[in-house]
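Keep in mind it's a predicted model, so treat the numbers as computed, not measured. Index from 1, following the sequence. Scope of the values below: all heavy atoms of this structure, side chains included, with no hydrogens, waters or symmetry mates.
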Amino acid sequence: MMLGKPTHLESRFRLTYTMILNLLTVAVIRVQDVMKRSFAEFHTRKDSHQQEVELKVLTKQLESIKPVYCYLCQEDLEKYYDTCTALNKLRQETQLASIKHSKVKVLSIGRVVVVNTDKYKHTLGVILSLYTASRHSKFKTLVICDQSSGYESKLSTAFSKKLRVQMIKKTNLYQPEGVCGHEVVELVACDLYEITSNTLDVSADKILSDWNTRQIPRFRDKPPSQLTSVVVQELLRLIEDNPDGLPALNPVKELKIQDMEFVEKYMKMQSLQEVVFDYKCLMCQAVDEHFAEHDHNMELRDKVKELGYQLSEDSLLLLPEYHQRIKVLQKLHFIDQNMSLLLKGRVGCEISHHELILTQLIFENVLTELPAEEIVALLSCMVFQQKNCSSPTLTDSLEKGMEMIKSVARNVAALQQECGLNIDVEEFVRTFKFGLTEVVYEWAKGTPFADITALTDVSEGIIVRTIQRLDETCREVGNASRKIGSSTLLAKMRQASELIKRDIVFAASLYTHS
């Protein structure tokens, strides 16, 4: 039995210009179809059949939705829902930014907050401790409730628990109906409805110690300490003096947060708070049920939209890169706006690697004017990959050719970067290694293999493999030159291929030939 953690499989699939150009010549299959079938998309596409079935069911449910029949809600319920959605989002974002603000600890011990959870609705509490766990701030808060415990606000109905968007209405702070009790609960930022500007002087450690003691079964009937009772009475006094709610903390004025984006969000939140209670639908006595019904309908629409997106080509991980590469091909005139191959595109189909650079070199006549020995020497940069090696000694003509290749590569890289591809221009230029240019040049001139190995510190095996791969590159460039009708370049590429195909480099292998 084999035990242990299995190797994580990662897709090696990637888009290349050669693949795109060749698939554009085929009408049966598209690049998007190839991407869908790749292992890179396996995790997102493995449940596609189940998603299609679910989409059909949800679509039928969506078609059967009936509008809300209410003369008040029909007028502006949708606008009210959108306002609540935006306001809840802005309130959460600004509140979280205020908490994370490094200069001032807004949730310090003694800060009075309004808690809003499934159990506590619009309930006043005070911060007793704050700590960070799993990158999220958590804080223990003393919250008032009925002494009978197990309190659950009347607002916490079946509808409110299922709502995705919290309904914003004019609601008074919760006030216990009987004897006031309290609980110490652990909260996170999203549990806070509002951070008030009020603070209380509390002995947090003693209150927490008293609470923990009373959680032990034999001390459960012990009355709260005087410090705890004083804090509870202070919270009750605040509720009685401010039944409509306490003034909220102004993070711009009180915390001096000057970040432009934050200020804009806060101002937008303020403007929405001014109009959120002016909608006519709030006059409807059944607005809670109508709001919940609309929320359910919106959730259904969003699910249908999300499933449709996941099943569409727009969800393909490599689709943005595909569009960027298409843009590059169009700007280099490999294809037109109708995705049809132009002459450059047909030439690029003949080349398996560095197709953009080689095609540009062919069309700019960089290679045509050079002798065969120099052409094949310069093309070695397309196949040689070793990063560190001794610098070659090049002739003036080879130096000029090298600079022209680097210039073309730099222009192509800059264009790709302009079209949105994540590429570093100088790093791309450095991928063309000219370390064996002198070696290949001397080999093409007929220099013995023993002599060319002395020109570099690259191992003999890499020299042999580079020259062998160069022969394939020469054939591809020759085929490309045939496409554009350049008999001169075709003849030179054939000559270059013949010059390097000799002696030990192309001798039959003892392992692969009988």
Side-chain angles (χ1 to χ4, degrees), residues 10 12 14 16-18 351-362 366-367 370-413 416 421-478 493 496-497 499-512:
E10 292 184 2
R12 290 296 211 176
R14 63 187 182 90
T16 63
Y17 292 105
T18 300
I351 302 169
S352 60
H353 63 287
H354 292 304
E355 52 279 0
L356 296 187
I357 306 300
L358 285 171
T359 303
Q360 289 295 100
L361 291 174
I362 292 170
V366 174
L367 304 176
L370 300 173
E373 297 87 350
E374 294 184 0
I375 294 175
V376 73
L378 291 171
L379 289 180
S380 66
C381 70
M382 305 290 172
V383 295
F384 180 56
Q385 298 177 343
Q386 185 169 314
K387 294 182 179 180
N388 301 315
C389 64
S390 58
S391 299
T393 303
L394 304 180
T395 63
D396 293 341
S397 180
L398 288 174
E399 285 279 0
K400 183 180 178 182
M402 181 180 69
E403 292 303 321
M404 292 180 72
I405 291 175
K406 286 184 177 180
S407 175
V408 171
R410 190 171 287 107
N411 293 336
V412 171
Q416 292 183 85
L421 286 166
N422 184 19
I423 185 172
D424 182 84
V425 175
E426 294 305 319
E427 185 65 30
F428 179 78
V429 174
R430 284 194 291 270
T431 59
F432 298 92
K433 313 291 185 184
F434 292 88
L436 288 185
T437 301
E438 181 187 9
V439 171
V440 176
Y441 179 65
E442 293 297 331
W443 177 254
K445 287 174 62 178
T447 305
F449 188 79
D451 294 341
I452 66 170
T453 56
L455 300 174
T456 181
D457 57 358
V458 177
S459 66
E460 292 86 344
I462 294 177
I463 295 174
V464 170
R465 187 161 62 249
T466 299
I467 296 175
Q468 288 176 344
R469 290 184 61 193
L470 259 178
D471 181 52
E472 182 183 350
T473 303
C474 289
R475 287 200 304 271
E476 290 178 352
V477 175
M493 296 317 302
S497 181
L499 290 173
I500 62 174
K501 289 178 69 173
R502 63 182 181 84
D503 295 348
I504 192 173
V505 174
F506 283 86
S509 172
L510 296 174
Y511 301 100
T512 59

Q. Does the side chain to side chain contact (heavy atoms under 4.5 Å, CB included) test come out yes or no for Ile463 and Thr456, once each step is laid out?
A. CA-CA 10 Å; Ile463 295 174; Thr456 181; 3.9 Å; yes
Say you draw a straight line from [atom1] of [X] to [atom2] of [Y]; how long is it, rounded to the nearest 0.5 Å?
{"X": "Ile462", "Y": "Cys389", "atom1": "CD1", "atom2": "SG", "value": "9.5 Å"}
{"X": "Asp451", "Y": "Leu455", "atom1": "CG", "atom2": "CG", "value": "8.0 Å"}
{"X": "Phe449", "Y": "Ile467", "atom1": "CZ", "atom2": "CD1", "value": "6.5 Å"}
{"X": "Gln360", "Y": "Leu356", "atom1": "CD", "atom2": "CG", "value": "7.5 Å"}

Looking at every non-hydrogen atom in both residues, tell me the closest pair between [X] and [Y] and how far apart they are.
{"X": "Glu355", "Y": "Thr359", "answer": "O-OG1, 2.6 Å"}
{"X": "Ile423", "Y": "Ala413", "answer": "CG2-O, 3.8 Å"}
{"X": "Ala409", "Y": "Ile357", "answer": "CA-CD1, 3.6 Å"}
{"X": "Ser352", "Y": "Glu476", "answer": "OG-OE2, 2.6 Å"}
{"X": "Leu378", "Y": "Gly401", "answer": "CD1-CA, 3.8 Å"}

Q.
Using the ring pair (Phe, Tyr, Trp, His ring centres under 6.0 Å) criterion, which residues pair with Phe428? Sequence neighbours excluded.
A. Phe432
Q. Does some side-chain heavy atom of His353 sit less than 4.5 Å from a side-chain heavy atom of Thr18?
A. no
**Q.** Close side-chain approach of Gln416 to Val412, heavy-atom, < 4.5 Å
**A.** yes
Q) Does any pair with a residue in residues 460-473 pass side-chain hydrogen bond (donor to acceptor under 3.5 Å, both in side chains), and if so which ones, sequence neighbours excluded? A) Asp471-Arg475, Asp471-Ser497
Q: Sequence neighbours left out, what pairs pass side-chain hydrogen bond (donor to acceptor under 3.5 Å, both in side chains) with at least one residue falling in residues 394-403?
A: Glu374-Ser397
Q | salt bridge (charged side-chain N to carboxylate O under 4.0 Å, His left out) partners of residues 421-433, not counting sequence neighbours, each pair once | A | Arg410-Glu426, Glu427-Arg430
What donor-acceptor contacts under 3.5 angstrom involve side-chain atoms of residues 379-386, with partners at least two apart or in another chain?
from: Ser380; atom 1: OG; to: Ala377; atom 2: O; distance (Å): 2.5
from: Gln386; atom 1: NE2; to: Asn388; atom 2: O; distance (Å): 2.8

Listing, residues 434-442 side-chain donor-acceptor contacts under 3.5 Å, not counting sequence neighbours, or none:
from: Thr437; atom 1: OG1; to: Phe434; atom 2: O; distance (Å): 3.1
from: Glu438; atom 1: OE1; to: Thr393; atom 2: N; distance (Å): 2.9
from: Glu442; atom 1: OE1; to: Thr447; atom 2: OG1; distance (Å): 3.1

